[in-house]
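These notes are about the structure you will find just below.
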Amino acid sequence: MGHRVLDVRAAANRYAAQLQQCFRPDCVASYTLARTVHANMKTSGFRPRGHIINRLIDIYCKSSNLVYARHLFDDIPEPDVVARTTLIAAYSASGEILLARKTFDDTPMSIRDCVIYNALITGYSHNNDGHNAVKLFREMKLHGLKPDEFSFTSALGALASIAEWECQCQQFHCAAVKSGTSNITSVSNALLSVYVKCASSPMESSSTLMNSARRLFDEMNRRDELTWTTMIAGFVRNSDLEGARECLDQMDVKLGVSWNAMISGYVHHGRSEEALELFRKMHSLEIYMDEFALTSAISACANAGLLEHGKQIHAYALKTEKNPSPDFSLSVNNALITLYYRFGNIHLARKVFDRMPERDHISWNAVLSGYASSGQIEEARAFFAEMPERSLLAWTVIISALAQNGSGEEALKLFNQMRLEGFDPCDYTFAGAITSCAVLGSHEHGRQLHGQIMKLGHDTSLSVGNALITMYARCGTVDDSYNVFLTIPYIDSISWNAMIAAFGQHGQGSRAVDLFEEMLRADIVPDRITFLTVLSACGHAGLVDEGRRYFNSMQIFGISPGEDHYARLVDLLCRAGKFQEAKDVIDSMPSVPGPPIWEAFLAGCRIHNNMDLGVQAAEKLLELIPQHDGTYVLLSNIYANAGKWKEVAEVRKLMRERGVKKEPGCSWIEVESMVHVFLVDDSAHPEVKEVYNYLEQLVIKMKKLGYMPDTKFVLHEMESQEHKERALSTHSEKLAVVYGLMKLPQGATVRVFKNLRICGDCHNAFKFMSRVVGREIVVRDGKRFHHFRNEECSCGNFW
DNA sequence: ATAGGGTTAG
């Protein structure tokens, strides 16, 4: 009997020693070893109990074999508090906070100790449930347990994630001092961390809290690497990069994370050069660079425009990836995707994405943004469809991308679908939807959205404001644009640009110029876009001298004119008939004039019926881009106006031979919204009638030539008439209506928005259109339907 | 048996 007890004891000691061996850095090896030891126990009939079974459970937990650990646990008749704590910690680490809680609740009060509380507090802290962590901290005191340094560190860690800090961090500080744990480094570190995190919260007064942190730091009698690192991160969070750098430089032994915190600080504040310099220093000191260092360095390259450096880091990352941890690739690869797509190399970005062993929503969003920002709308659409889960961001990106690429209808459809799927649009999403309305010229829809935006309080958003300015301008109510411009609290150069463009598009050149001058007086620095906008505004309003002057003033603002600026100047001069001067400008260009220049020149020739120069320009253009449909149209217009019908036919033949495709059709919603614009502007501009008369003859002429007119044709025909300039700036939408109606399917109904009445002039307009289209047009006005056919008009009640 | 630091997308 006594022998057997001794045998068992000896075996227990042997197994305990063997299990001790399992604790090695790599979990895999310890797990296999533990299984072997466990198997040996079974074969020799040894029943593990007490600390042996706890050890086993611990090893299984630490090697992510939770299920196995649970089986063992369930076999114990009365698991002690140690086994329970192990399990709670394991559940917490794998995010199973409810199971952790259940295990805790199953534990009898009598055996609960400080450690089991600590384990669950940590669990809540790791699972971002600060409230429950703090609640549990209080409960343990109520149960008569004295919180130790672990309790304080965990609870303080949790505190950083909740909002009502201001009183709590002081309270905790006092409690820690009272309990005598405050001079323990881990507690002070956690406290420091809470202070600096609170300081960076917008709700707190940052300087006070930062001072508390500093005082605590100075009073600490022992500081470890984490203390310094916390201070570095704290300074970085509060935008004091110099303070952070001082800390880093004072550290004798720098942790990897100390470098990382500093580097990411530099990246975050746009100081990419300094970030890369530190990164290089790390490299030369042969400090191991983990995925965070690599990620920050790569995004520094992306921000600083250093593609080659980024590629080098990529190569380095691949080299050191011999022993990849599962999430190594994730953040580094995400940064790489961003790097490549920002340089327009979406193919490389996609390659990185395709090779990733695992992807998160950031990877998906980055590639989607890559397609979107490079205008590859087809790819973006397909990619969006493939996405396993779509965040609000993904929706926003695809909606804005579609809108900016002219697919307003599809963008709005997606916007509605998104809301049906329960997403609440953010201001960026609304901006995308508003842009869609702008693209469609859908005034009513745009106004409805504006209403919703105001209700939800997004109307102070800059991006929404800028989108609204453009939308109202495109929909013909430039005064609404100006109202928005005056109302949004913060405006940037994009707002100014949008507003100047709005005036320009409406032929209000002098208002555009005035606003530009006001912008300069307000010390807003104009950018390339500003000048493009101002130059085209001058062009539409015939302000030749001003345009020339602004063009020459660009250098003062440190902007060298690009080809697009030259194109605007050429356009301006040619519209005014100053062909010689335009030619001189083209000759003075620093680069070889490309398509935009000749397009502007050709358009000018078209207006002034200058056939010789026009044909020259068109030849140059067709050499450069033989597939551009606009050139053929313009050229045939020039010939047609000179009565050279044979040449017109030749141009059209050439076009067919080369397979030049026609522009895409007009969709239903576009028609709907344009009719709206048409009706609004119609009453405001009585001279429209004159335009109709001309159009009517024009269409007849075109049909004689054997083809259906399209928008561009109509527009350019207009320009050759007396009222060309005015017409171009104010009537283009109305002409687009004609175009839209021509593309209407047979029997389609045009809906008119109910706050409009169909009155005299509109009747005439629709009558005219039905003649153009050569068939009946049905217009719905509230409940009433109007039928317009050739000459007469009939009216009836629908119900 | 339990604790504290850092990162990427519009």
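In what follows, chains are A, B, ... by sequence order, proteins preceding strands, each numbered from 1. Here the structure is a predicted model, which means the values were calculated and not measured.
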Shortest side-chain distance from A:A190, nucleotide among B:dG4, B:dG6, B:dT7: B:dG4

Nucleotide nearest A:A119 (side chain, heavy atoms from C-beta), chosen from B:dG4, B:dT7, B:dT2: B:dT2

Centroid-centroid under 6.0 Å between A:F279 and A:Y316 rings: no

No-H, no-angle donor-acceptor pair, A:N189 side chain to B:dG5 base, under 3.5 Å: no

Donor-acceptor pair present, A:D290 side chain and B:dG6 base, under 3.5 Å: yes

Test item: A:N65 side-chain N/O and A:C61 main-chain N/O as donor-acceptor pair under 3.5 Å: no

Base of B:dA3 paired with side chain of A:S186 (donor-acceptor, under 3.5 Å): yes

Closest to side chain of A:T85, choosing from B:dA1, B:dA3, B:dT7: B:dA1

A:S264 vs B:dT7: side-chain N/O to OP1/OP2 distance below 4.0 Å: yes

Exercise: do A:S239 and A:H269 side chains pair donor with acceptor under 3.5 Å: yes

d(CZ, A:F152; C1', B:dT2) in whole Å: 15 Å

Side chain of A:T338 (C-beta onward), nearest among B:dT2, B:dA9, B:dG5: B:dA9

N/O donor-acceptor pair, side chain A:T86 with base B:dA1, under 3.5 angstrom: no

Minimum-distance nucleotide (side-chain atoms of A:K197 versus B:dG5, B:dA3, B:dA1): B:dG5

side-chain N/O A:H126 vs B:dG4 OP1/OP2, d < 4.0 Å: yes

Salt-bridge contact A:E242-A:R245 (side-chain N to carboxylate O under 4.0 Å): no

Closest nucleotide among B:dG4, B:dA3, B:dG6 to the A:A233 side chain: B:dG6

Short side-chain N/O contact from A:H268 to OP1 or OP2 of B:dT7, under 4.0 Å: no

A:L216 CG - B:dG4 C1' separation (whole Å): 13 Å

Closest nucleotide among B:dA9, B:dT2, B:dT7 to the A:N365 side chain: B:dA9

A:L255 side-chain proximity, nearest of B:dA1, B:dT8, B:dG5: B:dG5

Ring geometry between A:Y340 and A:H314 (parallel below 30°, tilted from 30 to 60°, perpendicular above 60°): tilted

